[in-house]
Amino acid sequence: MLITNATLVTWGNPNQILENHALYLEEDRIADLGPAADLRAKYPDADAQRLDARGQLVMPGNICAHTHFYGAFARGMAIPGDPPKDFPEILERLWWKLDKALTPDDVRYSALVCLVDAVKHGTTTLIDHHASPNAINGSLDVIAEAVLQSGLRACLCYEVTDRDGPERAKAGIAENVRFIYKARRDKNPYLAATFGLHASLTLSDKTLEACRVEAPGETGFHIHVAEHEADEYDSLKKSGTRVVDRLEKFGILGPRTITAHCIHIDHREAERLRETGTWVTHQPRSNMNNAVGAADVEGLLRLGVKVCLGNDGFSNAMWEEWKTAYLYHKAAHRDPRRAGGYTIAEMAVTNNAALASVFFPQAPLGVLAPGAFADVIFVDYHPTTPLTAGNLPWHILFGFESSMVTTTIASGKVLMKDRQLLFLDEVEITAKSRELAGKVWERFVG
Ligand SMILES: [Zn+2]
């Protein structure tokens, strides 16, 4: 397929903005890029499959480093009683009740609505963290089917926890192990697996040990770390050490492991994350919503920790997460020099692509370059001020809207064209989701 009449944003190193260029896709990869006239001459047979970008920006699909498809049905739901006063109460009164109310059908539609949202807003690779304590076995297959239906790319895991008793902890471990082996056998370029853990504060030594023992070799973990002080105090009480030290003792850290949040870690913990090559993800919208504090993302980046950008189940409109990160740290520190555009791009573009490549090593992601996966979006953005590779982050922060994504292509397949979804039936998914969510809400309060 030849994409013509495009202004390419490569997100390469260095980033380039190439006007009146074309992009040639072959199967699931980008095969070539260059001036439009050159590529038209070079690939005359591509005429039948030509896609006119009509001067829009054509750029790599966005990547989300940490999300929860299972949280979609919480939208608009009331929590009975007084509003939760802190994050531990939010967990107990919202998330740990909602996840128990989910059936396999709910898991499917919760994932599908997130995937529709991702296609519409140009997020083509997602790293998910799943929980459904009353529907554990096979839940990752249900999500995997939804992912394959969508045409997007996702890395899945089930969050092991002791909060629902030893049987469910065991079932969670088994679900991870089963799905990890399945993903290795299938070698499907759209699906990957990691080993999910909820958080240190809901995991006993015994369960952490069992996870390490049961996890297939070369597996990484995906866990929440120090999202609230409670996680650190619990770890100190249980083990006499802080969360990151505790996880390291059980062999949980490493270059395939994701630690989400890391807001309340100390200097030594940051140092251990760097030395072990462990990934950190930052979710500013969620952190503000839960009032859990602002992670020292700039300090971590300066130290050499690989910090990425996730959405923690907020909309799959990653530029919203960019904007929040950009504003949050300025407000939190009363310093307008904090979290500049390049820092946000380093997390959201460079580091997210590197993290995604850990799970999808077959081809580069997050970049327009020959050989990379053909994950491409069209953005109907016509700058009212000069746009350069250097000031692009600020155009994204102050000018881009996720609704400007008009076309989404993943693995060379056009999933949305001129805002029309071609594979997912949004009307059916929306109606069914609304019906299922209503029942989940009834079980939630009942
Ligand atoms: Zn999370």
Side-chain angles (χ1 to χ4, degrees), residues 63-75 84 86-100 102 107 110-111 114 117-118 123 125-133 139-140 143 154-161 163 172 176 194-203 220-232 234 243-244 247 252 257-265 273 278-295 297 307-318 320-321 324-325 328 347-348 352 355-356 359:
I63 295 168
C64 175
H66 174 80
T67 194
H68 300 283
F69 294 156
Y70 81 84
F73 287 179
R75 185 183 295 176
D86 57 20
F87 182 59
E89 278 197 19
I90 293 172
L91 284 178
E92 275 171 36
R93 292 178 48 204
L94 171 59
W95 300 113
W96 296 353
K97 282 176 74 183
L98 177 83
D99 63 11
K100 285 191 190 68
L102 300 176
V107 170
S110 196
C114 292
D117 184 53
T123 301
T125 299
L126 303 110
I127 300 178
D128 187 61
H129 196 272
H130 175 64
S132 53
S139 57
L140 296 180
I143 300 172
C155 176
L156 309 180
C157 71
Y158 188 88
E159 64 156 65
V160 176
T161 176
R163 70 181 147 90
N176 279 305
T194 182
F195 197 116
L197 300 169
H198 171 247
S200 172
L201 87 166
T202 68
L203 288 159
F221 295 87
H222 185 177
I223 181 170
H224 297 101
V225 167
E227 184 169 1
H228 184 273
E229 295 94 323
D231 202 19
E232 292 289 4
D234 171 88
V243 173
V244 171
L247 297 178
I252 302 298
T257 288
I258 302 168
T259 55
H261 303 298
C262 293
I263 298 166
H264 299 282
I265 59 171
L273 292 171
T278 304
W279 300 84
V280 170
T281 68
H282 180 47
Q283 290 72 225
R285 283 185 292 180
S286 164
N287 296 162
M288 290 179 81
N289 187 46
N290 292 326
V292 286
V297 292
V307 186
C308 303
L309 198 67
N311 68 17
D312 218 9
F314 272 69
S315 67
N316 293 300
M318 289 306 292
E320 295 303 314
E321 209 68 51
T324 309
Y328 186 25
M347 293 191 284
N352 275 14
L355 173 60
F359 302 108

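Both counts, for ligands and for their atoms, begin at 1 and track the order of listing.
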Quick check, are the ring centers of [X] and [Y] under 6.0 angstrom apart?
X    : Y    : value
H261 : H228 : no
H222 : H130 : no
H66  : W279 : no

Under 2.8 Å from the Zn ion (ligand 1) - protein N/O/S, by chain and number: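 Protein N, O or S atoms closer than 2.8 Å to the Zn ion (ligand 1): H66 NE2, H68 NE2, H224 NE2, D312 OD1.
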Could you go step by step and tell me if T67 and I127 meet the side chain to side chain contact (heavy atoms under 4.5 Å, CB included) rule? CA-CA 6 Å; T67 194; I127 300 178; over 6 Å; no
Examine distances only and state if a side-chain atom of E232 and a backbone atom of V243 form a donor-acceptor pair shorter than 3.5 Å.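 Confirmed, E232 side chain pairs with V243 backbone.
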Under the rule for side-chain contact (heavy atoms from CB on, under 4.5 Å), what residues qualify as partners of T324, not counting sequence neighbours?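 By the side-chain contact (heavy atoms from CB on, under 4.5 Å) rule, T324 matches P284, R285, M288.
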